[in-house]
Amino acid sequence: MSQSTEKIWKTLQQVPTGKVVTYGQLADLAGLPGRARLAARALRVAPKEMALPWYRVIGAGGKISIPKDNPGFARQMELLRSEEVVVNNGRLKLSEYQWQPDLADLMWRLEF
DNA sequence: CCTGTGACTCGGG
DNA sequence: CCCCGAGCCACAG
């Protein structure tokens, strides 16, 4: 895999239960500013065995970005709800659930 | 090499 | 709130 893709994966592992990040935010935290599309792609190609919390990644407006006709849409909603995240019509309140990394988390990032 | 296509985002209208 | 276009970029065809 490309190194950029791996950075996305590692960063995503840091997102705690019950919290979410947007594609753009994930890319930024991974040290890849402006690469939201890469983040989306990294999720799609991630091997299942990695068990990444892919469902904790949503669109910038607080909306689930998976097309509604894709079975993953409903799955993402139920997974989020299983973590106490309130989701309505594929929407959730970013002000309440968006992950705000603390200093320790940012330090961790220096490891790659 | 060129083109189309996104699990993206932001700014306009 | 929706739709569009423009950036953006890896990747398949």
With a 4.0 Å cut-off on heavy atoms, is [X] in touch with a base, just the backbone sugar-phosphate, or nothing at all?
X: A:G24; answer: sugar-phosphate
X: A:T22; answer: sugar-phosphate
X: A:R91; answer: sugar-phosphate

- Message: Contact between A:P53 and A:Q13 at the side-chain level, heavy atoms closer than 4.5 Å - yes or no?
- Response: yes

Please give, in whole Å, the distance from [N] [atom2] to [X] [atom1]?
X: A:I64; N: B:dT9; atom1: CD1; atom2: P; result: 13 Å
X: A:R41; N: B:dC8; atom1: CZ; atom2: P; result: 14 Å
X: A:R35; N: C:dC11; atom1: CZ; atom2: P; result: 10 Å
X: A:Q3; N: C:dC9; atom1: CD; atom2: P; result: 17 Å
X: A:N88; N: C:dC1; atom1: CG; atom2: P; result: 13 Å
X: A:I8; N: C:dC8; atom1: CD1; atom2: C1'; result: 14 Å
X: A:R44; N: C:dC11; atom1: CZ; atom2: P; result: 10 Å
X: A:Y23; N: C:dG7; atom1: OH; atom2: P; result: 24 Å

- Start with the C-alpha distance between A:Y55 and A:E78, add both sets of side-chain angles, then the distance that settles side-chain hydrogen bond (donor to acceptor under 3.5 Å, both in side chains), and finish with yes or no. CA-CA 9 Å; A:Y55 53 88; A:E78 71 181 78; over 6 Å; no

- In terms of side-chain geometry, is the basic nitrogen of A:R56 or A:E83 positioned less than 4.0 Å from the acidic oxygen of its partner? yes

- Message: Could you check whether any side-chain N or O of A:Y97 sits under 3.5 Å from a backbone N or O of A:V86, counting only pairs where one atom can act as donor and the other as acceptor?
- Response: yes

- Would you mind telling me which residue lines up with the more 5' stretch of DNA chain C, A:K63 or A:L38, judged by nearest nucleotide? A:K63

- Item | From CA spacing to verdict: side-chain contact (heavy atoms from CB on, under 4.5 Å), A:R35, A:Y23 | CA-CA 8 Å; A:R35 313 281 304 275; A:Y23 293 90; over 6 Å; no

- Looking only at side-chain N and O atoms, does A:R37 come under 4.0 Å of OP1 or OP2 in C:dC11? no

- Message: What's the gap between B:dC1 and C:dG13 when it is taken at their C1' atoms, as a whole Å value?
- Response: 13 Å

